[in-house]
Amino acid sequence: MSESVTGESAELRDRVGIEALRAEFTDAAMMNDHDRLASLFVPDGVVRIPDAGIEAVGREGIRALGRQREAGFEVFVQTVHPGVVLLSGDTATGRACLCEVIRIRGGASHVNYGIYHDRYRRTPDGWRFTERTYEIRYSDTTPLAGTPGG
């Protein structure tokens, strides 16, 4: 196999691995699988939501944040669109755009559009987040007219 094919194959494998990681994050969050969500981070990984004053450090902190979100939200739907990934050996950075629909228990609603700013690291278990920061670009707090399905 030529050097360029080998390099291209490795880059493609890394990109697919990172996209799979991002998809796992959204699925774990929506399914309230807090253990799986925490496992997608390195042990000292961080989730930050500066607009809400939130920072969860380490897997237990990330688990606790997930439990808190589950307890507080009646409806939570998140759609993430693939974004850029910049590879640099065993680390990478990336961004992904997202939309989420939230109804907080008690009635408040949010339709948010934002960007995840990510840092990743290759580990023996595959790519993991070292940091995921959520930047809200637009938030609509108009009460949701729909009803939860289930």
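Owing to the predicted nature of the structure, the values given are computational and were not obtained by experimental measurement.
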Under 3.5 Å, is there a donor-acceptor pair between the side chain of R103 and the main chain of L144? yes
Side-chain heavy-atom pair I115, L98 within 4.5 angstrom cut-off: no
Quick check: do I102 and N112 have side-chain heavy atoms less than 4.5 Å from each other? yes
Main-chain N/O of G83 paired with R22 side-chain donor or acceptor, under 3.5 Å: yes
Check this for me: does any side-chain nitrogen of one of E135 and R48 sit under 4.0 Å from a carboxylate oxygen of the other? no
Derivation of the side-chain contact (heavy atoms from CB on, under 4.5 Å) call for D118 and F129: CA-CA 7 Å; D118 297 331; F129 293 102; 3.8 Å; yes
Below 30° counts as parallel, above 60° as perpendicular, anything between as tilted: where do the rings of W127 and Y120 land? perpendicular
Lys/Arg N to Asp/Glu carboxylate O, R59 vs D35, below 4.0 Å: no
Would you say E11 and L87 make side-chain contact, with heavy atoms under 4.5 Å? yes
Any idea which heavy atoms bring A38 and I62 closest together, and the distance? CA-CG2, 4.0 Å
Are I49 and L37 co-members of a hydrophobic cluster defined by side-chain heavy atoms under 4.5 Å apart? yes
I18 and V80: same hydrophobic cluster, using ILVMFWY side-chain contacts below 4.5 Å? yes
Please tell me if the side chains of H110 and I136 come closer than 4.5 Å, counting only heavy atoms from C-beta onward. no
V77 and M30, any side-chain heavy atoms less than 4.5 Å apart: yes
Within a strict 4.5 Å, meaning less than it, do heavy atoms of the L40 and L21 side chains meet? yes
Is a side-chain N or O of T91 found less than 3.5 angstrom from the main chain of S88, in a donor-acceptor match? yes
When you check the gap from the basic side-chain N to the acidic O, do R121 and D90 get nearer than 4.0 Å? no
Over 60° means perpendicular and under 30° means parallel, so classify the ring planes of Y113 and Y138, tilted if in between. tilted
For A56 and G61, work out which heavy atoms get closest and say how close. CB-O, 3.5 Å
Between D125 and T123, does any side-chain donor sit less than 3.5 Å from a side-chain acceptor? no
Begin from the C-alpha positions of I54 and V47 and carry the test side-chain contact (heavy atoms from CB on, under 4.5 Å) through to its verdict. CA-CA 8 Å; I54 294 171; V47 171; 5.6 Å; no
Between R132 and H117, is any pair of side-chain heavy atoms under 4.5 Å apart? no
If you compare all heavy atoms of E55 against all heavy atoms of V57, which two are closest, and at what distance to 0.1 Å? OE2-CG2, 3.6 Å
Decide if atom CD of E60 counts as having more than 12 heavy atoms of other residues, nucleotides or ligands within a radius under 6.0 Å. yes
For residues M31 and F25: do they belong to one hydrophobic cluster (side chain heavy atoms under 4.5 Å, members Ile, Leu, Val, Met, Phe, Trp, Tyr)? no
For E19, is there an ion pair with R15 - N to carboxylate O distance below 4.0 angstrom? no
Quick check: closest heavy atoms across R122 and D14, and the distance to 0.1 Å? NH1-OD1, 2.6 Å
Nearest non-hydrogen partners of F76 and E100, listed with the distance: CE1-OE1, 3.4 Å
Count the heavy atoms of every other residue, nucleotide or ligand shown that sit under 6.0 Å from CZ of R95, and state whether that count exceeds 12. no
Taking all non-hydrogen atoms of both residues into account, name the closest pair between E74 and P148 and its distance. OE2-CG, 3.5 Å
Check whether any side-chain heavy atom of N32 lies under 4.5 Å from a side-chain heavy atom of R69, and answer yes or no. yes
Using the ring of each side chain (for Trp, its six-membered ring), is Y116 parallel, tilted or perpendicular to Y134, with breaks at 30° and 60°? tilted
